[in-house]
Amino acid sequence: MTTTDRQRLFARRAMWASVLLGLLGALYFTTRGDPIAGLVLGLLFGGGGYLEYKRRLRDFEAAEDPARDPFEERERRR
């Protein structure tokens, strides 16, 4: 496995762990009678983990293409 393959695998596992934590938190708060807190927690962890995963994938793709500078790409998006 190359370095980026391992990092992609780690990013994917971190995303799924975050989604699982969000679902468990949402389930916990929903069963305790506070569904709004459960929804917010689930969206923060699940959605945030997914968005972070997509950002990491964009960074890996930029790092693999030698013609593009990842720092320049990030600054252009800001």
Side-chain angles (χ1 to χ4, degrees):
M1 285 179 106
T2 64
T3 304
T4 56
D5 289 338
R6 286 180 188 246
Q7 291 174 348
R8 285 176 197 264
L9 181 63
F10 179 76
R12 187 177 307 118
R13 287 180 180 169
M15 179 202 57
W16 283 114
S18 179
V19 168
L20 179 65
L21 187 63
L23 288 174
L24 289 175
L27 181 65
Y28 174 78
F29 281 108
T30 303
T31 58
R32 294 291 180 183
D34 196 3
I36 301 299
L39 178 67
V40 169
L41 184 72
L43 287 176
L44 282 176
F45 275 97
Y50 177 74
L51 291 176
E52 177 67 16
Y53 172 69
K54 294 305 261 182
R55 185 196 63 82
R56 284 184 181 185
L57 286 183
R58 279 195 313 265
D59 288 347
F60 295 147
E61 290 171 2
E64 288 175 347
D65 188 9
R68 294 177 10 193
D69 183 18
F71 299 108
E72 183 179 314
E73 292 277 332
R74 186 173 289 166
E75 288 300 319
R76 191 166 6 123
R77 278 187 254 141
R78 285 184 183 195

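Since we're looking at a predicted model, the values are computed, not measured.
The local environment of OH in Y53 is crowded, with over 12 non-hydrogen atoms from other residues, nucleotides or ligands closer than 6.0 Å.
In the hydrophobic cluster analysis, where Ile, Leu, Val, Met, Phe, Trp and Tyr join through side-chain heavy atoms closer than 4.5 angstrom, F10 is grouped apart from Y50. Under the 4.5 Å side-chain heavy-atom criterion for Ile, Leu, Val, Met, Phe, Trp and Tyr, L57 and V19 are members of the same hydrophobic cluster. V40 and F29 fall into different hydrophobic clusters, defined by Ile, Leu, Val, Met, Phe, Trp and Tyr side-chain heavy atoms under 4.5 Å apart, directly or through other members. L41 and Y28 fall within the same hydrophobic cluster, defined by Ile, Leu, Val, Met, Phe, Trp and Tyr side-chain heavy atoms under 4.5 Å apart, directly or through other members.
Within the structure, the salt bridge (Lys or Arg N to Asp or Glu O under 4.0 Å) test picks out the following pairs touching residues 41-53 (sequence neighbours left out): E52-R55, E52-R56.
Residues passing the salt bridge (charged side-chain N to carboxylate O under 4.0 Å, His left out) test with R8 are E64, sequence neighbours excluded.
At distances below 3.5 Å, not a single donor-acceptor pair connects side-chain atoms of S18 with backbone N or O atoms of A14. Distance alone, capped at 3.5 Å, places no donor-acceptor pair between the T30 side chain and the P35 backbone.
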